[in-house]
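Here is the structure we will look at.
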Amino acid sequence: MSKNIRQVRNWRAVIAIAGLAIWSASGWAAAAGNDNGAPLKVAANAPGTIRFDSCARPAYPEEELKQLHQGTVMLRLLIGEDGKVKESRVAKSSGYPALDEAALVGISKCSFNPPMVNGKPVNSWIHLQYVWTPS
């Protein structure tokens, strides 16, 4: 079963999908996949993608930035039919709780293009990776 994974490396640039599936009341509906794990370009308005104009980039926690901590946090988000985050949790830690929490809080404020099944918006869980890298 594929998972819906999106990776945010640069706030407005790259969203990669390692596999795409949408959860609906009828179960998993596989929409696309990428077996080799290479990044795929996704249309900015694709179902389940962040609407970057809806929120600010998550703030790098000051103490973590001072210590040059970096890592990737995997978030699990329930996106509603309206594109708003209804529930959120950390699925896999970056190794730094402050980075995990900052990503969770920041991304939860964002709006998404609602996931679609048969042309209709649905509530759907997605996985999103947020990469923290001091610049």
Side-chain angles (χ1 to χ4, degrees):
M1 191 178 316
S2 63
K3 291 182 181 176
N4 189 5
I5 300 173
R6 288 173 174 46
Q7 187 173 23
V8 179
R9 289 186 187 270
N10 181 320
W11 187 239
R12 295 192 183 268
V14 180
I15 296 178
I17 298 178
L20 176 68
I22 298 175
W23 175 259
S24 68
S26 62
W28 286 96
N34 183 8
D35 294 338
N36 66 10
L40 294 176
K41 290 187 179 183
V42 177
N45 62 348
T49 56
I50 290 178
R51 291 182 39 227
F52 290 107
D53 62 343
S54 70
C55 58
R57 182 179 185 171
Y60 216 120
E62 189 174 323
E63 191 60 34
E64 303 301 322
L65 186 57
K66 284 181 187 176
Q67 296 185 33
L68 299 177
H69 288 164
Q70 59 186 345
T72 301
V73 58
M74 173 75 77
L75 302 177
R76 187 162 190 248
L77 308 166
L78 177 60
I79 308 302
E81 295 174 14
D82 60 357
K84 303 285 185 194
V85 177
K86 293 185 172 284
E87 290 183 45
S88 60
R89 57 185 68 123
V90 173
K92 184 178 178 192
S93 175
S94 66
Y96 300 100
L99 293 180
D100 298 345
E101 185 63 22
L104 190 67
V105 169
I107 299 296
S108 292
K109 294 177 183 176
C110 296
S111 291
F112 290 72
N113 293 306
M116 306 289 273
V117 172
N118 296 327
K120 295 182 181 178
V122 296
N123 292 335
S124 177
W125 284 99
I126 66 165
H127 284 90
L128 180 139
Q129 292 181 355
Y130 192 83
V131 179
W132 291 101
T133 306
S135 45

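The analysis underlying the following values was restricted to heavy atoms, covering all of them including side chains, and did not include hydrogens, waters or symmetry mates. Just so you know, residue 1 is the first one in the sequence shown, and it goes up from there.
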Qualifying residues under side-chain contact (heavy atoms from CB on, under 4.5 Å), relative to K109, sequence neighbours excluded
V105
Just jot down the side-chain contact (heavy atoms from CB on, under 4.5 Å) partners of P61, sequence neighbours excluded, or say none.
E64, A98, L99, A102, W132
Can you check whether L77 reaches F112 side chain to side chain, under 4.5 Å on heavy atoms?
yes
What residue pairs, at least two apart or across chains, pass ring pair (Phe, Tyr, Trp, His ring centres under 6.0 Å) with a residue in residues 61-100?
H69-Y96
CG on L128 to SG on C110, rounded to 0.5 Å:
9.0 Å
4.5 Å side-chain heavy-atom contact, P114 and E81:
no
Using the side-chain hydrogen bond (donor to acceptor under 3.5 Å, both in side chains) criterion, which residues pair with K86? Sequence neighbours excluded.
none
Test side-chain contact (heavy atoms from CB on, under 4.5 Å) on S108 and V85 and set out the steps.
CA-CA 6 Å; S108 292; V85 177; 4.1 Å; yes
Taking atom NE2 of H127 and atom CE of M74, what is their separation to the nearest 0.5 Å?
6.0 Å
Sequence neighbours excluded, every pair satisfying salt bridge (Lys or Arg N to Asp or Glu O under 4.0 Å) that has a member inside residues 89-108:
E87-R89
Donor-acceptor check, side chain of S54 to backbone of S111, threshold 3.5 angstrom: yes or no?
yes
With E63, which residues qualify under side-chain contact (heavy atoms from CB on, under 4.5 Å), at least two apart?
K66, Q67
Can you find a pair of side-chain heavy atoms, one from S88 and one from R76, that are under 4.5 Å apart?
no
Side chains of V90 and L75: closer than 4.5 Å at any heavy-atom pair?
yes
In Å and rounded to the nearest 0.5 Å, what is the CD to CG distance from Q70 to L65?
11.0 Å
Should I50 and I107 count as side-chain neighbours, where that means a heavy-atom distance under 4.5 Å?
yes
I'd like to check V122 versus P115 (side-chain heavy atoms, cut-off strictly below 4.5 Å). Are they in contact?
yes
CD1 of I79 to CG of N123, rounded to nearest 0.5 Å, is 9.5 Å
